[in-house]
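Below you'll find the structure, written out as structure tokens, and then a few comments.
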Amino acid sequence: MISMATTRWVQRATLLFLMLLVAACGLPRSGPSKQQIMSSSVEKRGDAFIVEVDDRIARATVIPPSLGFSAGLSGAAQIGSDTIRPGDVLAITVWENVDQGILASAGANATTLDEVQVDGAGFIFVPYAGRIRAAGNSPEALRRTITRLLESQTPDPQVLVRRAAGDGATVSVIGSVGGQGVYAIERPTRTLTAMLARAGGVTIEPEIAQITVIRNGQRGMIWLPDLYADPRNDIALRPDDRILVEEDARAFTAIGATGGQARVTFESQELSAIEAVAQVGGLNATIADPTGIFVFRDEPAEIANNVLGRSDLVGDQRLVYLINLTEPSGVFVARDFLIRDEDTIYVTEAPFVQWQKILSAITGTIGPAASIANLADDD
């Protein structure tokens, strides 16, 4: 027969085992383990392709974040800064070669008509000259027209026409600039870089500043460094252009055993995996597994086929890229593998961390379990 002491020992051991099992199952963790992610691959009837990154994979996945203007924006020639347009404001001065002129007041031989605005149809009105079409002419051409019309009213009139900054040819500049507003296209500000300077310059980090030009439904975007690197990108402006200056909106998400878990914006045009990890404080030295750095991404079919050596995939594919920093070339691979917008970087915990948690759970559970077992003995 089984003795009472043996029965009590079996009861105590069973109770202790059950409590340890419950404690181990409920251990906290930052996410799936490396083995669990690897077991979710398509090859194992999962829903994602898992690819270990090497030099070839790093090259195959590169999509430089290139921006630029279309031919419709870059092909436009500079507008003539002296061409008069509806909405422009003119200043007209007329000198008359007589003591009693038709325009000048008594004792004066010159008359200035300030702020003569060109109407919506492109015309202005000058006393004794009548309604004159100004739009489409240069100030010099308009001067000759007014002179000719006044010659029949006063002998040898001398006319001066100046074009002031009106609203006939303007652009709007908004976003991260020194002074947002509506600016006239004048001789010094007929190109994009000149207009940005006129608006006070860019007030954000130049490396991640994006310039967008919107014209007649067309939209073009360029990086600020590229705008100044190539004169061909310094496009000519057109009336009613809208210029938007904003910071790069691309971002990635970092979770797991990193120095910080957050959604992080890009700090440069190109961001490598190792730079992205550094942006969130690097790997957590006490718990991170350097062999288990994963990048989760929806990859276009063209790139997915290239990476996997296939040609049958259609549509976006779920790919999980594995970077192993302990490999001889691991750091170089992480430096060459570029992160893209909306990527998720997940760093797994080292296997020993879970064992540490189990041991902590055991030592923390033994005391209560022993107490309960003692209560069982008392019964």
Side-chain angles (χ1 to χ4, degrees), residues 65-92 112 114-120 122 124 134-135 138-139 161-251 264-269 341:
S66 59
L67 302 175
F69 295 123
S70 65
L73 293 173
S74 61
Q78 291 187 10
I79 64 174
S81 63
D82 292 333
T83 301
I84 300 171
R85 294 174 177 79
D88 278 350
V89 175
L90 307 176
I92 303 172
T112 299
D114 290 322
E115 297 186 0
V116 178
Q117 188 167 39
V118 183
D119 64 23
I124 62 172
S138 66
V161 177
R162 300 187 306 275
R163 174 181 175 269
D167 60 3
T170 61
V171 300
S172 57
V173 185
I174 58 176
S176 301
V177 292
Q180 302 184 79
V182 178
Y183 295 92
I185 301 177
E186 302 176 279
R187 184 179 294 275
T189 58
R190 289 183 290 177
T191 64
L192 180 55
T193 57
M195 189 60 74
L196 289 174
R198 174 68 180 82
V202 174
T203 58
I204 56 177
E205 182 65 33
E207 181 66 21
I208 54 173
Q210 296 177 339
I211 315 299
T212 302
V213 177
I214 304 171
R215 177 185 302 165
N216 297 328
Q218 294 186 17
R219 178 186 293 262
M221 180 183 295
I222 195 168
W223 297 101
L224 181 63
D226 294 342
L227 174 60
Y228 287 94
D230 189 342
R232 292 174 297 181
N233 293 327
D234 190 15
I235 62 173
L237 298 178
R238 284 288 181 270
D240 301 321
D241 278 356
R242 288 175 289 166
I243 302 170
L244 172 63
V245 180
E246 58 186 346
E247 191 173 272
D248 183 7
R250 294 175 302 158
V264 186
T265 56
F266 281 47
E267 293 183 350
S268 57
Q269 291 185 32
D341 187 26

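When a residue number appears, it is its place in the shown sequence, counting from 1.
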- Message: Keeping Thr189 on the side-chain end and Ala184 on the backbone end, is there a donor-acceptor pair under 3.5 Å?
- Response: yes

- Note on the structure: Of Ile214, Thr212, Leu196, the one forming a side chain to side chain contact (heavy atoms under 4.5 Å, CB included) with Ile243 is Leu196

- Query: Distance from Ile84 atom CD1 to Ser138 atom OG, nearest 0.5 Å?
  - Reply: 7.0 Å

- Can you name the nearest heavy-atom pair linking Tyr183 to Met195, along with the distance? CB-SD, 3.5 Å

- Query: Do you know the tightest heavy-atom contact between Ala134 and Leu90?
  - Reply: CB-CD1, 4.4 Å

- Who are the side chain to side chain donor-acceptor pair (under 3.5 Å) partners of Thr112, not counting sequence neighbours? Thr93

- Item | Chi angles and distances behind the side-chain contact (heavy atoms from CB on, under 4.5 Å) call for Arg85, Ile185 | CA-CA 11 Å; Arg85 294 174 177 79; Ile185 301 177; over 6 Å; no

- From Asn233 CG over to Ile235 CD1, what is the distance, rounded to the nearest 0.5 angstrom? 9.0 Å

- Message: Just verifying a value: how many Å separate Trp223 CH2 and Ile208 CD1, rounded to the nearest 0.5 Å?
- Response: 8.0 Å

- Go through Val213 and Phe69 one step at a time and tell me if the side-chain contact (heavy atoms from CB on, under 4.5 Å) criterion holds. CA-CA 9 Å; Val213 177; Phe69 295 123; 4.0 Å; yes

- Heavy atoms only: give me the nearest Ala199-Val173 pair and the separation to one decimal. CB-CG1, 3.8 Å

- Note on the structure: Asp226 and Gln269 have their tightest heavy-atom pair at OD2-OE1, 4.2 Å

- Reported OG-to-CG distance for the pair Ser74 and Asp234, which is rounded to 0.5 angstrom: 11.5 Å

- For Gly175, does its backbone N or O pair with a side-chain atom of Gln180 as donor and acceptor, under 3.5 Å? yes

- Task: Kindly say whether Gly87 contributes a backbone atom to a donor-acceptor pair with the side chain of Gln117 at under 3.5 angstrom?
- Result: yes

- Item | Student check: side-chain heavy atoms of Ile92 and Ile124 closer than 4.5 Å | yes

- Note on the structure: Scanning both residues in full, the closest heavy-atom pair of Arg215 with Ala76 reads NH1-CB, 3.8 Å

- For Arg198, all residues meeting salt bridge (charged side-chain N to carboxylate O under 4.0 Å, His left out), sequence neighbours excluded: none

- Query: Would the number of heavy atoms belonging to other residues, nucleotides or ligands and lying under 6.0 Å from CG of Asp240 be above 12?
  - Reply: no

- Note on the structure: Interatomic distance, CG@Asp241 vs CZ@Arg238, rounded to 0.5 Å, equals 8.0 Å

- Item | Heavy-atom pair of closest approach, residues Arg242 and Ser172 | CG-OG, 3.1 Å

- Mind checking the CD1-CG spacing from Ile222 to Leu67? Nearest 0.5 Å is all I need. 7.5 Å

